[in-house]
Peer 1: 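Following this message is one structure expressed as structure tokens.
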Amino acid sequence: MRQRKTDYPTIIMHWVLVAAILVAFVTGLRIATEAPDHAWINSIDVLLPRANVWVPHMEAAVVLVGVAVSYVIYIARSGLGRRVQLDKVRLRGLFGRKQARLGAFGAISTWFFFATMLALIFTGGLLYFGIFANDALMEIHWWASWAIPVFVVFHVLLHFLIGRSSQLLRIIRPAPLPPPPPRLDAVELLTMLVEKSSLPVEHRTEEKNSLQPAQSPHEDRRERRDPRRPAAPTRHPNSPAAAPRGPVRRRNTTLQSNPFVVAAAVAITGAWAVVATNWLMVNELVIHRIASTDAPILDGDTSDAVWRNIRPYSLLTNQGDNFDGTGESRIDIRAVHDGTWAYFLFTWQDPTRSLKQLPLIKKKDGWHVLHDGYEHGDEHAYNEDKFSVLFTTLTVDLAGDRTFHASPHPIANAPSTMTGRGLHYTPAEGIYADVWQWKATSGGPTGWLDDDHFGPPEKPTPMQANYMVPYKGGFAPDPGSANYSDNFDMLPPPNAENQSILPRRLPRDLAATTAAMGQINLDPNVGESDNARWFMTEAESVPYSPELDSQIPIGTVLPGVIISGEYSGDRADVRCAARWASGHWALEVARRLDTTSKYDVPLRSGVFMRVSAFDHVQIRHTRHVRPIRIEVE
């Protein structure tokens, strides 16, 4: 049996497409593990990449764009459009014989694949450039990704039914590109018509018969004349046109370029255009120069004249948790500097003013922490609102691959994560990313913003090695102290779902503490009133004692945070003030342009910046793919 073959350009594009889809799919699955509802993907963790995720995913997307463009051009220029043509004849094949039905199903499935790839490329591009990057777009991208493996299974099965193994193996058996049909020469056709019209009637009949020679049904069809070329007329010996002539020459010569070369050239140009667009469409935040006398007052009030005169840089962040179920928040950023200090105003959408940071409640069997996921390091109910900012000078500026590493176990000689998610750390010693973290209850109300960093992975503590507390990779606070701490100690056994705790401090005046907390509503999706605060100071509390505990009634709720002392050291480099109103937080921040700390990144042109918002969650913050580049005036 004759082996079936496929033209070599189709084979090349087919396998490039397969490789790009495979890379995009496995890296996309790894990225999806960070979404709140996709932790089940970790069950195939061994099959997914760990070291590099975001960069290969974007590179595969560029290759897919190039292959898509090249295939369209190749099909159009090579005359192979019949492969994917979906017309009435092909559709009628659905009700015909087996081969006709299979051919019709193949054409329909191919167009389904084209539509799916178009959806993936379109939604992926919008998500990457932050255009309409909302939850609905993420869902379309997610489900379109799963349509690809479904198509692959159907595609392989269909081709097996068409021609068994011979049909499947043709994709690895190259054949030359078939020549395109010759172009019709109108002048040559008219000349032959004139010659034919000059013959007597009987000669035309003879000519007509000569154009239809008898042929055995067993004769090789390849010997037949190409019906697309006009037949040379049979001239009668006595006709004027029977005079001997030289060889007939075509009146014009057409040079035809190789369709695959043309398609490849256009695809490479298109891919470079995508890369160039990425470089040109830089998300840039200008830190405007002001006089020191015009510096804003840090009070959380956005009415300062300096803020009113600056147009904010705005971006939509997504893939977080809560935010009324959308997981997204729009963030506006303004920035100025006076030559010594840099000032930022961050405003972001948050439907609730969430201050409940692991509150304590007294039950019949003792004190407990209200939580949902805290034992795994993934509290997503009773947590304060937060906001974080990252500064980095690392050359790879995509999300992850330098400061974030997906997988439940990204570091071979370290504990696995208790959350099933990845870890933040940098690739080598001496490389740090600067991280600011504002917290609505812990430190934030006293005017301090936690100055942290991502560095190389730290050695796990004994408690982390025994999975009593989460291992955090390279995320750590800068050297120094903070002015807040948890108001509880765990009682054995550890990690129990309904674990008892012992408060570290109890209120001196229970009624005053309860009044300071405002209207107490333990629904985590209900925010606190404007003047409420869910912490106790050291002066307002006393160390725990059984005698005082016995006077506190069952059902009492106490703050889970104690404020004591002051910030110090490198951890005290950033000051702040925040206010919440009408579904938005406003946060004013001040820090020196250069603190000289090795854990901090100097604020200068060319530094990359990222921001994220937390709606009463511990780690499930919003994000954006492309970073913001700082330009300092």
Side-chain angles (χ1 to χ4, degrees), residues 321-322 351-386 418 439-446 463 468-470 483-565 580 614-618:
D321 202 358
N322 298 329
T352 55
R353 181 174 183 258
S354 303
L355 307 179
K356 294 186 280 286
Q357 172 64 19
L358 300 174
L360 315 183
I361 185 169
K362 188 174 184 180
K363 299 181 180 180
K364 292 182 179 180
D365 59 345
W367 288 94
H368 297 266
V369 174
L370 290 173
H371 68 92
D372 186 359
Y374 173 71
E375 68 277 13
H376 305 302
D378 188 14
E379 178 61 38
H380 45 269
Y382 296 97
N383 209 96
E384 62 199 329
D385 285 342
K386 298 190 293 185
M418 298 173 64
K439 302 175 181 178
T441 293
S442 305
T446 61
M463 293 186 68
M468 298 177 65
V469 295
N483 69 352
Y484 66 89
S485 60
D486 291 333
N487 187 28
F488 57 87
D489 290 313
M490 294 290 185
L491 298 177
N495 294 329
E497 184 175 351
N498 194 29
Q499 182 171 0
S500 296
I501 57 96
L502 191 67
R504 291 177 177 174
R505 302 185 72 85
L506 297 174
R508 291 180 183 273
D509 185 339
L510 179 60
T513 298
T514 302
M517 296 167 67
Q519 183 177 358
I520 298 176
N521 188 325
L522 296 183
D523 183 347
N525 294 313
V526 175
E528 280 63 62
S529 56
D530 289 343
N531 297 318
R533 60 178 175 87
W534 281 60
F535 62 83
M536 291 190 302
T537 66
E538 189 174 31
E540 297 169 339
S541 60
V542 296
Y544 175 85
S545 68
E547 294 78 17
L548 184 57
D549 186 5
S550 64
Q551 301 175 22
I552 298 176
I554 293 174
T556 298
V557 177
L558 294 180
V561 176
I562 295 293
I563 299 295
S564 176
W580 183 92
F614 302 68
D615 183 19
H616 63 275
V617 291
Q618 186 175 359

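Because only heavy atoms are used, hydrogens play no part in the values below, and waters and symmetry mates are left out as well, while side chains stay in.
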Peer 1: Hey, what do you get for CD (Gln551) to OG (Ser545), rounding to the nearest 0.5 Å?
Peer 2: 8.0 Å

Peer 1: If you measure only the distance, is there a donor-acceptor pair under 3.5 Å linking the side chains of Ser442 and Glu384?
Peer 2: yes

Peer 1: Side chains of Lys439 and Phe614: does their closest heavy-atom pair fall under 4.5 Å?
Peer 2: no

Peer 1: Give, for atom CD1 of Ile562 and atom CE of Met536, the distance between the pair rounded to the nearest 0.5 Å.
Peer 2: 3.5 Å

Peer 1: With side chains defined as the heavy atoms from C-beta onward, is the minimum distance between Leu360 and Ile501 less than 4.5 Å?
Peer 2: yes

Peer 1: So, does Tyr382 use its side chain to make a donor-acceptor pair with the main chain of Asp523 at under 3.5 Å?
Peer 2: no

Peer 1: Does a donor on one side chain sit under 3.5 Å from an acceptor on the other, for Asp365 and Ser500?
Peer 2: no

Peer 1: State, to 0.1 Å, how close Gly366 and His368 come at their nearest heavy-atom pair, and which atoms those are.
Peer 2: O-CD2, 3.3 Å

Peer 1: Can you check whether Pro507 reaches Thr514 side chain to side chain, under 4.5 Å on heavy atoms?
Peer 2: no

Peer 1: Search all heavy atoms of Gly377 against all heavy atoms of Gln618 and return the closest pair with its distance.
Peer 2: C-OE1, 3.2 Å

Peer 1: Look only at the side chain of Asp385 and the backbone of Ala440, and say whether a donor-acceptor pair between them is shorter than 3.5 Å.
Peer 2: no

Peer 1: Using a 4.5 Å cut-off on heavy atoms from C-beta on, say whether the side chain of Thr352 contacts that of His616.
Peer 2: yes

Peer 1: Evaluate the criterion side-chain contact (heavy atoms from CB on, under 4.5 Å) for residue pair Leu506 and Ser541; output intermediate values, then yes/no.
Peer 2: CA-CA 5 Å; Leu506 297 174; Ser541 60; over 6 Å; no

Peer 1: Checking the side chain of Glu379 only, and the main-chain atoms of Ala381 only, is there a donor and an acceptor separated by less than 3.5 Å?
Peer 2: yes

Peer 1: Hey, does Tyr544 have a side-chain heavy atom less than 4.5 Å from the side chain of Leu502?
Peer 2: yes

Peer 1: With no hydrogens and no angle check, just 3.5 Å: does a side-chain donor-acceptor pair link Asn383 and His371?
Peer 2: no

Peer 1: Treating Glu540 as the side-chain partner and Thr537 as the backbone partner, does any N or O pair qualify as donor plus acceptor under 3.5 Å?
Peer 2: yes

Peer 1: Any side-chain heavy-atom pair from Leu558 and Pro359 closer than 4.5 angstrom?
Peer 2: no

Peer 1: What's the spacing between Tyr484 OH and Ile563 CD1 if we round to 0.5 Å?
Peer 2: 9.0 Å

Peer 1: With no hydrogens and no angle check, is any side-chain donor or acceptor of Arg353 less than 3.5 Å from a backbone partner on Gly527?
Peer 2: no

Peer 1: Between Arg508 and Ala539, is there a donor-acceptor pair closer than 3.5 Å when you use the side chain of the first and the backbone of the second?
Peer 2: yes

Peer 1: Any side-chain heavy atom of Asn525 sitting closer than 4.5 Å to one from Pro351?
Peer 2: no

Peer 1: Quick check for you: to the nearest 0.5 Å, what is the distance between Ser529 atom OG and Leu355 atom CG?
Peer 2: 8.5 Å

Peer 1: Give a yes or no on whether Asn531 atom CG has more than 12 heavy-atom contacts from other residues, nucleotides or ligands under 6.0 Å away.
Peer 2: no

Peer 1: Could you tell me whether a side-chain N or O of Trp534 sits under 3.5 Å from a main-chain N or O of Pro559, the two making a donor and an acceptor?
Peer 2: no

Peer 1: Look at the side chain of Asp372 and the backbone N and O of His380, then say whether any donor-acceptor pair between them is shorter than 3.5 Å.
Peer 2: no

Peer 1: Donor-acceptor check, side chain of Lys362 to backbone of Val557, threshold 3.5 angstrom: yes or no?
Peer 2: no

Peer 1: Can you give me the closest heavy-atom contact between Val617 and Lys386, atom names plus distance?
Peer 2: O-CE, 3.6 Å

Peer 1: Charged N to carboxylate O below 4.0 Å: is that the case for Glu538 and Arg504?
Peer 2: no

Peer 1: Which pair of heavy atoms, one from Ile361 and one from Leu522, lies closest together, and at what distance?
Peer 2: CD1-CD1, 4.1 Å

Peer 1: Evaluate the criterion side-chain hydrogen bond (donor to acceptor under 3.5 Å, both in side chains) for residue pair Asn483 and Ser564; output intermediate values, then yes/no.
Peer 2: CA-CA 5 Å; Asn483 69 352; Ser564 176; over 6 Å; no

Peer 1: Could you tell me whether the side chain of Lys356 and the main chain of Val526 form a donor-acceptor pair under 3.5 Å?
Peer 2: yes

Peer 1: To the nearest 0.5 Å, what is the distance between CH2 (Trp580) and CD (Glu528)?
Peer 2: 10.5 Å

Peer 1: Going by the side-chain hydrogen bond (donor to acceptor under 3.5 Å, both in side chains) test, name the single residue among Thr556, Asp549, Asn487 that passes it with Trp367.
Peer 2: Asp549

